[in-house]
Amino acid sequence: MQRLPATLCRKIARPVCDVFINHRGIDTKRNIAGLLYDQLKKMEVRSFLDSMNMKPGDRLFHHIDRAILGCEVGVAIFSPRYCESYFCLHELALLMDTKKKVVPIFYDVKPSQLVVKDNGTCPAKELRRFSLALEEAKYTVGLTFDPLKGDWSELLRDASDAVIMNLLEVEEERKRMKRKL
């Protein structure tokens, strides 16, 4: 049997990304989500943002779920229309179900305003899963930002610092677990 080149093996074994950016595109893709993705890229942090990492023909759930399962940290950017998106809630629930570290950013919305609504298209079991994930995220220390009054450079600095700190914590935990074995 032919052996695969070492570089290809490393590429295959390597997760899709370090950070998954969960956001409502219509609200945040052209501002905080895109800016944070660019900031993290400059810092050489491999991040997943759907518009940057997917191409026509990619199977949506397969690609996104794979990125979430492989990431170390999630960034959930909550916005006024976030809870209207099945995809946003699915991604958040998967991040929470898999016990990923999540950095919430409340962009132009207060945590108390975020509620999963039953529009009749989603099974009750899934609605409960989404609601539990949302509640868990709302009670996680995060960043708040008012786009009309806030300092964008401060938000980007604080968000990227929070991501880096969480990545370092995950790495330390991994090392601690290896030492125990």
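One is the number of the first residue; the rest follow in order along the sequence.
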Trainee: State the CG-OG distance between Leu114 and Ser131, to the nearest 0.5 angstrom.
Mentor: 11.5 Å
Trainee: Is there side-chain contact between Cys17 and Cys71, with at least one heavy-atom pair below 4.5 Å?
Mentor: yes
Trainee: Working to the nearest 0.5 angstrom, can you tell me the gap between His23 NE2 and Leu36 CG?
Mentor: 10.5 Å
Trainee: Any donor-acceptor pair under 3.5 Å linking the side chain of Ser160 with the backbone of Arg157?
Mentor: yes
Trainee: Can you tell me how far apart CD1 (Ile164) and CD (Glu169) are? Round to the nearest 0.5 Å.
Mentor: 12.0 Å
Trainee: What distance separates Arg66 CZ from Ile68 CD1, expressed to the nearest 0.5 Å?
Mentor: 12.5 Å
Trainee: Rounded to the nearest 0.5 Å, what's the gap from CZ on Phe78 to CG on Leu134? Could you check?
Mentor: 5.5 Å
Trainee: So, for Asp108 and Pro80, which heavy atoms are closest and what is the spacing to 0.1 Å?
Mentor: O-CG, 3.4 Å
Trainee: For the pair Arg81 and Val109, evaluate side chain to side chain contact (heavy atoms under 4.5 Å, CB included) and give the outcome as yes or no after the intermediate values.
Mentor: CA-CA 9 Å; Arg81 295 171 50 189; Val109 68; over 6 Å; no
Trainee: Less than 4.0 Å between a side-chain N and a carboxylate O, is that true for Lys100 and Glu72?
Mentor: no
Trainee: With side chains defined as the heavy atoms from C-beta onward, is the minimum distance between Phe20 and Val75 less than 4.5 Å?
Mentor: no
Trainee: Given the rule in the side chain to side chain contact (heavy atoms under 4.5 Å, CB included) test, do Asp158 and Phe145 qualify, once you have shown the distances and angles that lead to the verdict?
Mentor: CA-CA 11 Å; Asp158 292 348; Phe145 186 73; over 6 Å; no
Trainee: Between the side chains of Tyr82 and Asn22, is a donor N or O closer than 3.5 angstrom to an acceptor N or O?
Mentor: yes
Trainee: Please report the shortest heavy-atom distance between Cys83 and Leu89, naming the atom on each side.
Mentor: O-CD1, 3.5 Å
Trainee: How close do Ala162 and Val103 get, counting heavy atoms only, and between which atoms?
Mentor: CB-CG1, 4.0 Å
Trainee: How about Tyr86 and Phe130: are their ring centroids closer than 6.0 Å?
Mentor: yes
Trainee: Apply side chain to side chain contact (heavy atoms under 4.5 Å, CB included) to residues Phe106 and Leu143 and explain how you reach the verdict.
Mentor: CA-CA 6 Å; Phe106 300 98; Leu143 305 168; over 6 Å; no
Trainee: Tell me, do Lys41 and Val45 make a side-chain contact under 4.5 Å, heavy atoms counted?
Mentor: no
Trainee: For Leu92 and Ala137, work out which heavy atoms get closest and say how close.
Mentor: CD1-CB, 4.1 Å
Trainee: Just verifying a value: how many Å separate Ile77 CD1 and Asp27 CG, rounded to the nearest 0.5 Å?
Mentor: 10.5 Å
Trainee: Do any N or O atoms from the side chain of Gln113 and from the backbone of Lys110 form a donor-acceptor pair under 3.5 angstrom?
Mentor: yes
Trainee: Restricting to non-hydrogen atoms, name the atom on Leu94 and the atom on Arg129 that form the minimum distance, rounded to 0.1 Å.
Mentor: N-NH2, 3.6 Å
Trainee: Is any side-chain heavy atom of Trp152 less than 4.5 Å from a side-chain heavy atom of Asn31?
Mentor: yes
Trainee: Which pair of heavy atoms, one from Ser79 and one from Arg24, lies closest together, and at what distance?
Mentor: OG-CB, 3.6 Å
Trainee: Can you get from Leu132 to Leu95 by hopping between Ile, Leu, Val, Met, Phe, Trp and Tyr side chains that sit under 4.5 Å apart?
Mentor: no
Trainee: Are more than 12 heavy atoms, taken from residues, nucleotides or ligands other than Met43, located less than 6.0 Å from that residue's CE atom?
Mentor: yes
Trainee: I'd like to check Val102 versus Thr140 (side-chain heavy atoms, cut-off strictly below 4.5 Å). Are they in contact?
Mentor: no
